[in-house]
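Here's the structure we're looking at; comments come further down.
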Amino acid sequence: MAEHTDDASKPLTSLEKLSRRSFLSRAGAMGVATAAATVAPVVASAEPERPQPSGDPAAMPEIPGTIPITLKVNGETHQLRIDPRATVLDTLRETLHLTGTKKGCDHGQCGACTVHVDGRRANSCLLLAAMHQKAEITTIEGLGTPEKMHPMQAAFVEHDGYQCGYCTSGQIMSAVAMLHEPWGDADTDVKEALSGNICRCGAYPNIVAAVQSVRRHA
Amino acid sequence: MEQQTPQPITESKIVGVPTPRIDGPLKTTGTAMYSSDHHFPGLVYAWPVTATIASGTISGIDSSSAEKMPGVLAIYTHKNIGPLYRTPPSAGFSMILDERRPPLEDEIVRYYGQYVAVAIAHTVEQARAAAEAVKVTYNKTPHDTSDKLLDTPTIAGKLKEVTKRGDTAAALAGAAYKHDAVYSTPTETHNPIELHASVAVYKDGKFTLYETSQAVVNHRDVMAAMLGVPPENVQVITRFLGSGFGGKLWPWPHALLAAASARNLNRPVKLVVGRSMMFQSVGHRPAIDQRVQLAADKSGKLLAIQHDYVNHTSMLDDYDEGCAESTGFMYSCPNVLATSGLVRRNVGTPTSMRGPGAVPGLYALESAMDELATKLNIDPVQLRLLNEPEKDESTGQPFSSRHLKECLTVGAEKFGWAKRNPAVGSMKDAEGRTLGWGVAACTWIATRTDAEVNVELRQDGAARVACGTQDIGTGTYTAVAQMVAHETGLPLQRIDVVIGDSGLPPGPISGGSWATASVVPAALQAAQQARKQLLSLSTKTDGCPFKDKSVDELEFVDGVVRIKGQSSGGVPFAEILKTANVRSVSGTGKSTGLFGDPNQKFSFHSFGAQFAEVTWQPEIARLHVSRVVTVIDAGRMINPRAARNQIEGAVVMGVGMAMLEATEYDHRSGGPINASLADYIVAVNADCPNIDVTFLDYPDFNLNPLGARGVGEIGLAGIAAAITNAVHHATGIRVRNLPVRIEDLLVAPGNKTS
Ligand code: FES
Ligand code: FES
């Protein structure tokens, strides 16, 4: 994020520090913190360096058994080497480090991994990355940022449509896709449409409220 | 450092105000960092090999072909994992874990799914393929996963007395009205959507562990002990937790597999526990049988309560569910006896699951109360009102704050209970579906544990508050910010909350619903100390208008230092720090807990009433929970918005407990057979009833100056009983073996197939 510079005079909340993006620009060369450095201050500095989430295959050590692929995510084309068995989900998370998409079951049963593939929602744990080289994949990161949220993201904040937040990326991706699907206006339509996205925290009433507020203003 | 009885804080511009979570924008944009989101250069992946028998010994492990597979770095077994130790006995909230045996300690297998090896490779796919290629042979011995528990041999050989007063046997023998039944609840699995995970980084003898932990400080202590290094060589970090419901309170063996592998290979290792493994080796609520006997006189006054429960535990560890936690104080009754027993089964070690003890215990007790009400022909709300105690009759202590009667009457009013026709199957909705209405009371412990908090006021105009506690979805980030905002007058955006790191001042576990209540006194005190230091600095700083004033003449209001009572002439604290060239002033607050203190003056509990409506369509055997009214007496809500969400979520989980959830063991293999989210059914959005939550507003100032107790668990207590009581009202079928299955209802009157 451009606004997160190393200007020490600009306060940055620890929550901002916990966000991957600000971390990348601020926490630079801290290296792996030793446990001896655990005395309270500047805890964000205990975050070790993260690699850039970009696919420069030349910079990557070649892993035996991997293959080169191209993957288009959030409008950006990435050249990657992946295990041929890698799912879109694991490729997003482990190779591209786009960790906003979550894994809750790896079996198409929970919806935490929901992304958009060519505009439609899909469980990314059920898709092989090598077979989606032509697809336009959109993840939660492609929807908005903390500073510039998509209306659905803002509605989830406003309506407290989560607790732990782990199912939230999937809920939001499903909800955004639902806006373009043929559903009725009722709350029960939302409940049905989002029943493939388990929220074990049970924030369902607030999720429905958030989605309905966006649908009403859409 | 324990403060004197602090002044109750009754007024606040921020505490008690519904507040959007400060971490919301991170959670909704995928930028909040959960443990398995961390990545490091050179990181490799671990995938465990799990036992396919439930009892026996490993006769051989052949990893020769797995080791030659592409990308594989190592296969560790009990022969080469390296040193892992058991923990010394726990003290307070340190050194707690439920499965005490380190993974791969020896060749003995005691439950299906126990880790027997772990494969490490460059990619997660390679690690998984290698794990599947490891050939393990066993000498099998007979296993026992039976869910018949009562009247089977207990570990102690007899039932242990948990609470006792009066002469229950005599009272039961002589009473005119009696009830005696056994209630069974199955193994339940927490199933947080975030899989348990560890990312272990090892360097120069030191471990940085990104864990899925509800208790980072204890996790640090346990991991250090088991890895055999001093605690200062281990740092445990959980920035965000994809919830845990108790399942992530204490460390589980996979964390040791990751840390030991990182140590052995000297590179970062990520291990994400698979969903099926989550049914095996990260705890569960045990299967429980409870026999409840009640006796009453004609008027409905309780004469005796006997509550005997037996829960399963694993072969090595003694986990006691504690079902009689509330039996001794819930109602006024002269004769009470509760006993417990543990039986060994070849299952993974059980652990606390949301509302341990009270949740299954109240399912049994509140079902029994409903059955008694039917026998007495008394309204079930009335029966509870009739037996309201004046004090905690199990300890003799006064209740700090108990408004169960009001919960029941307010709930009855909101629900429309007065319109209830008690005759089974007599009520219909507009579509002609049969309605069932049920009620249950509930309670959950309130307490505080030790907490330490540091507050810094910084030259950049922000405050930083640090505490080694966690936010598991309950809203701790926001609640802590609200406490400091209250005390300093700073807006939430200028409060930087740092939690989820064992290197911070030790904070409470995120369990027992007491994290918030525990942090309150220490957070307020820390902010007050920081303010004192700021005022003192103001009087000592050249160029500051308050130089040489006395501290007593000054005050700190809305981020500004000024002469007491003078609204003009104030100086923002950041300016004072700049003038003094001091980066920050800080204060530490430390509070001693009440948990387990035998001398506490009050009996601290939250209370509530649950009213449930089910609709029943006998023609198609369709049962649905349509409506829940819940009234909660849990002190003051620091953030009512997040608190309501907690209660609603607990109701949703209660729908699952009552109607859907059970881990089924295949008694032939001993393994949980429905170990997936398709086969272990949890409530989805379409299952969610209309939920109406009311909080009674009785701040509990005996607990802390903000009067906050906690709401993580109480919402789940009583809900299963309210639903099964409603099911009985609709169908005439009393289900005493959760969850309610359609098969149970096929014999219901009006069902065409019966
Ligand atoms: S992780 Fe893909 S549906 Fe659960
Ligand atoms: S917010 Fe925790 S699973 Fe949905």
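Below, read A as the first sequence line, B as the second, and so on, with proteins coming before strands; counting in each chain starts at 1. The structure presented is a predicted model; accordingly, all values stated were derived computationally and were not measured.
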task = Of all the heavy-atom pairs spanning Thr31(B) and Pro146(A), show the shortest one and how long it is.
result =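 The pair with the smallest heavy-atom distance is OG1-CG, 3.5 Å.
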
request  = Check Ala678(B) against Gln109(A) and note the closest heavy-atom contact, atom names and distance.
outcome  =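 Heavy-atom minimum between the residues: CB-NE2, 3.2 Å.
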
Relative to chain A, which segment of [X] carries a heavy atom at a distance below 4.5 Å: side chain, backbone, both, or neither?
X	result
Val652(B)	side chain
Leu677(B)	both
Tyr680(B)	side chain
Ile193(B)	both
Gln646(B)	both
Ser676(B)	both
Arg644(B)	side chain

Rounded distance [0.5 Å steps], [atom1] in [X] versus [atom2] in [Y]:
X	Y	atom1	atom2	result
Glu648(B)	Asn206(A)	CD	CG	5.0 Å
Cys201(A)	Ile472(B)	SG	CD1	8.5 Å
Thr145(A)	Leu26(B)	OG1	CG	10.5 Å
Glu62(A)	His122(B)	CD	NE2	11.0 Å
Met149(A)	Thr29(B)	CE	OG1	7.5 Å

Who among [options] has the most heavy-atom pairs with chain A under 4.5 Å?
options	result
Ser243(B), Pro70(B), Ala650(B)	Ser243(B)
Gly473(B), Ser276(B), Ala129(B), Gly274(B)	Gly473(B)
His190(B), Met653(B), Gln126(B)	Gln126(B)

query = Mind checking whether His39(B) and His97(A) have parallel, tilted or perpendicular rings, split at 30° and 60°?
reply =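 Ring orientation of His39(B) relative to His97(A): tilted.
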
Below 4.5 Å from any heavy atom of chain B, which atoms of [X] appear? Answer side chain, backbone, both or neither.
X	answer
Gln171(A)	neither
Ile172(A)	side chain
Thr87(A)	backbone
Ile207(A)	side chain
Ala86(A)	both

Is the backbone of [Y] close enough, under 3.5 Å, to the side chain of [X] for a donor and an acceptor to pair up by distance?
X	Y	result
Asp90(A)	Val124(B)	no
Glu125(B)	Arg85(A)	no
Asn645(B)	Tyr162(A)	yes
Tyr204(A)	Gly649(B)	no
Lys27(B)	Ser169(A)	no
Gln153(A)	Thr28(B)	yes
Arg200(A)	Phe245(B)	no
Arg21(B)	Asp160(A)	no
Lys102(A)	Glu194(B)	no

When only pairs under 4.5 Å are counted, which of [options] shares the most heavy-atom pairs with chain B?
options	result
Met152(A), His107(A), Lys103(A), His150(A)	Lys103(A)
Thr168(A), Val157(A), Thr66(A), Asp83(A)	Asp83(A)
Cys167(A), Gly170(A), Ala203(A), Pro64(A)	Pro64(A)
Ala112(A), Pro205(A), Gly65(A)	Pro205(A)
Ala193(A), Gly104(A), Cys110(A)	Gly104(A)

task = Using distance alone, with no hydrogens and no angle criterion, decide if Ser36(B) and Arg93(A) have a side-chain donor and acceptor under 3.5 Å apart.
result =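 There is such a pair between these side chains.
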
Side-chain donor-acceptor pair present, Tyr45(B), Glu94(A), cut-off under 3.5 Å =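 Yes.
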
ask   = Are any of the side-chain heavy atoms of Cys164(A) and Pro192(B) separated by less than 4.5 Å?
value =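 No, their side chains stay 4.5 Å or more apart.
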
key: Side chains of Asn685(B) and Asn197(A) in contact at under 4.5 Å (non-hydrogen atoms)   =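 They are not in contact (no side-chain heavy atoms under 4.5 Å apart), so the answer is no.
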
